[in-house]
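The structure appears right after this line, and notes come after that.
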Amino acid sequence: MKKLFAVILAVSVFVSGAFAMTPEEEEAAWKNEPAYGKVIKVGYNGGLCTGTLGITQAKGFFEAEGLNVELVRYQGDTVTLGDALGTGKIDIAGGHIATLLVPAANGVQMKFTTGMHTGCKSLCVLADSPYKTTKDLEGKTIAITTSIGGSDQNITMRFLLRDGIDPVRGVKYKSTDSGAAVLAMQNGEIAAALLSDQFIQKFLENGTLRIIRSITFDDDFKDETCCIFAVSKAICENSPITAKKLTRAHENARKWIMGNREEAVRLMLDNKWASGDFDKVLAFYNTLDYSVDDATTEATLRKVIDDYKTCGILNKSFDTEETLARVWDGVLMEK
């Protein structure tokens, strides 16, 4: 009964938004949570954008919170990651809002507790093509490097929506890999492609590609949170102090990255969490802002929910604020 009371007390204080515990009280209450002492499985696809997860472990930020974590590699986009979080195969993960929002809003058991960074994809055309703006792409085919209905299409649809183009009927979409997308543009099979900023570096430098829309550089997108930190709903609801510690460890890693970008890149290259020439990887890494605050992340989620409803990506009947409450654990802003 004493253990149950401690858990209820920790949860009620946490949910109240106050979390008015001393560090000693927090540690004592934490020991009564179901997740206490358990190995926390961190889902990580090895990508540079979500490299904070590996860095949080490697630099000891999880350990400093008393957490025992294990990096679990996964492959894939929306379905794979959402399924892994929803079924308990992993406990936390990071990914594009464009990847994770739809499954979270539709009931997959996860909640977002903080943002990761801005950036990191752009809509490109051939440098010598006649296409200057998205308006020029109406009726044309755009390549996406995830599955139809995946994150790349979701990002592209927001560009089109913002520019007054029907994101569903105004263009055609074709799923392909990045290299094939460049060849398809050169062969005239497609007009544009949404691609990773890291991938397109060499093509911008050698004059092959040109950016016409970007979540990294365009004023209406560049300050939005791109990737987000997701925690299983079971941990958020049943072990809220564990969720707070996981979030705090990740935020401390983000702060460290902001002051140690070169070391961060070397760490990721050494651990094969990223690949490529150091200077080029660093140049890309410097375009990502890891200082995004929770107010920005919450505002981004609200805008994306509204846009996805308009595009038909989310059910139009969803109430935006109710949906936001389902996916965003704003209580964790009380650090």
Expected output: side-chain [X] to main-chain [Y] donor-acceptor under 3.5 Å:
X	Y	result
Asp177	Gly179	yes
Glu33	Ile241	yes
Asn154	Ala98	yes
Gln201	Lys280	yes
Ser239	Thr242	no
Thr297	Asp293	yes
Asp218	Ile215	no
Asp152	Thr145	yes
Lys255	Tyr290	no
Thr300	Thr225	yes

Give, for atom [atom1] of [X] and atom [atom2] of [Y], the distance between the pair rounded to the nearest 0.5 Å.
X	Y	atom1	atom2	result
Asp289	Cys226	CG	SG	11.5 Å
Asn315	Tyr308	CG	OH	15.5 Å
His117	Cys49	NE2	SG	4.0 Å
Ile211	Cys124	CD1	SG	5.0 Å
Leu324	Asp319	CG	CG	10.0 Å
Met110	Ser232	CE	OG	10.0 Å

Do we get [X] above [Y]'s six-membered ring, with its NZ or CZ under 6.0 Å from the centre and within 45° of the axis?
X	Y	answer
Lys245	Trp30	yes
Arg254	Phe61	no
Arg213	Phe221	no

### Task
Please test Thr52 against His250 for side-chain hydrogen bond (donor to acceptor under 3.5 Å, both in side chains), starting from the C-alpha separation and ending with a verdict.
CA-CA 7 Å; Thr52 44; His250 179 264; 3.0 Å; yes
### Message
salt bridge (Lys or Arg N to Asp or Glu O under 4.0 Å), that's the test. Do Glu237 and Lys111 meet it? Break it down for me.
### Response
CA-CA 10 Å; Glu237 293 184 347; Lys111 297 204 84 170; 5.7 Å; no
#### Entry: Step-by-step side chain to side chain contact (heavy atoms under 4.5 Å, CB included) determination, Lys59 to Glu263
CA-CA 11 Å; Lys59 296 300 295 184; Glu263 185 180 345; 3.0 Å; yes
### Message
Is it true that Thr134 and Asp163 share a donor-acceptor pair across their side chains at a distance under 3.5 Å?
### Response
yes
#### Entry: Heavy-atom neighbours of Lys316 NZ exceed 12 at 6.0 Å
yes
### Query
Are Lys31 and Glu25 ion-paired here, with the side-chain N under 4.0 Å from a carboxylate O?
no
### Query
Do you know which of Lys303, Arg302, Lys121 makes salt bridge (Lys or Arg N to Asp or Glu O under 4.0 Å) with Glu224?
Lys303
### Task
Indicate the ring-plane relationship of Trp273 and Tyr44, choosing parallel, tilted or perpendicular according to the 30° and 60° boundaries.
perpendicular
